[in-house]
Amino acid sequence: MLYLKRITHFNEFIRCQVSDEIMMYGDFYYEDDEDGLIVSAKYYHDLKKKRKEDSFDYTTLNNATSQKEYQDELKKAEQELFESSILDRKVFGQDSQNYEREVNS
């Protein structure tokens, strides 16, 4: 699972293992607890955005005849994307002993 962290010491420098860029004070990064992989949060989100743009089907938006219809189709497509991927996301704390008690209260 990826955990979001931030560099809080001014003399700490961490290298992103994916993009090979150096991160410094104030930068956010993700660290994987399984293998210790460190990836810049900016690079991660840019990669995620590019993947979504590449996999999006633009044919429904191209068939819109007006600005309002285009906006409605875009909003509908965005909702479908979120709905299809929401259950695939890992939730921090789901494995804790108190999770069932917290959810049901």
Check: Should Lys50 and Asp54 count as an ion pair when the cut-off is N to O under 4.0 Å?
Finding: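 Between Asp54 and Lys50 there is a salt bridge, with a charged N closer than 4.0 Å to a carboxylate O.
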Next item on the list: Output yes when Arg6 and Asp27 qualify as a salt bridge under the 4.0 Å nitrogen-oxygen rule, no when they do not.
Entry: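 No salt bridge links Arg6 with Asp27.
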Notebook entry, point to check: Are Lys5 and Ile38 close enough that some pair of their side-chain heavy atoms sits under 4.5 Å apart?
Noted result: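 Contact flag for Lys5/Ile38 side chains = no.
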Check: Do the side chains of Ile7 and Met24 get nearer than 4.5 Å, heavy atoms only?
Finding: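 No, their side chains stay 4.5 Å or more apart.
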Margin query: Same cluster or not: Leu37 versus Phe13, using hydrophobic residues (I, L, V, M, F, W, Y) connected whenever any side-chain heavy atoms lie under 4.5 Å apart?
Written below: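 Shared cluster, no.
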Note to self: I want to know whether Tyr44 and Tyr30 have ring centres closer than 6.0 Å.
What the structure shows: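 Yes, the ring centres sit under 6.0 Å apart.
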Item checked: Heavy-atom pair with the smallest gap, counting every atom of Ser40 and Glu21 ->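 Looking at all heavy atoms of both residues, the shortest contact is OG-OE2, 3.7 Å.
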Notebook entry, point to check: Can you tell me if Arg15 uses its side chain to pair, donor with acceptor, with the backbone of Ile22 under 3.5 Å?
Noted result: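 Answer holds: no.
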Check: Hey, is the main chain of Leu2 close enough, under 3.5 Å, to the side chain of Asp32 for a donor-acceptor pair?
Finding: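 Answer holds: no.
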Next item on the list: Check the pair Tyr29 / Val39 against side chain to side chain contact (heavy atoms under 4.5 Å, CB included), numbers first and verdict last.
Entry: CA-CA 6 Å; Tyr29 64 95; Val39 61; over 6 Å; no
Note to self: Measuring from atom NZ of Lys75 to atom CD of Glu78, what distance do you get when rounded to the nearest 0.5 angstrom?
What the structure shows: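 Those atoms lie 9.0 Å apart.
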Notebook entry, point to check: Rounded to the nearest 0.5 Å, how far apart are CD of Gln17 and CD of Glu31?
Noted result: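 With rounding to 0.5 Å, CD (Gln17) is 8.5 Å from CD (Glu31).
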Margin query: By the definition side-chain hydrogen bond (donor to acceptor under 3.5 Å, both in side chains), identify the one residue from Lys68, Gln67, Glu69 that meets it with Thr65.
Written below: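 For Thr65, the side-chain hydrogen bond (donor to acceptor under 3.5 Å, both in side chains) check succeeds only for Glu69.
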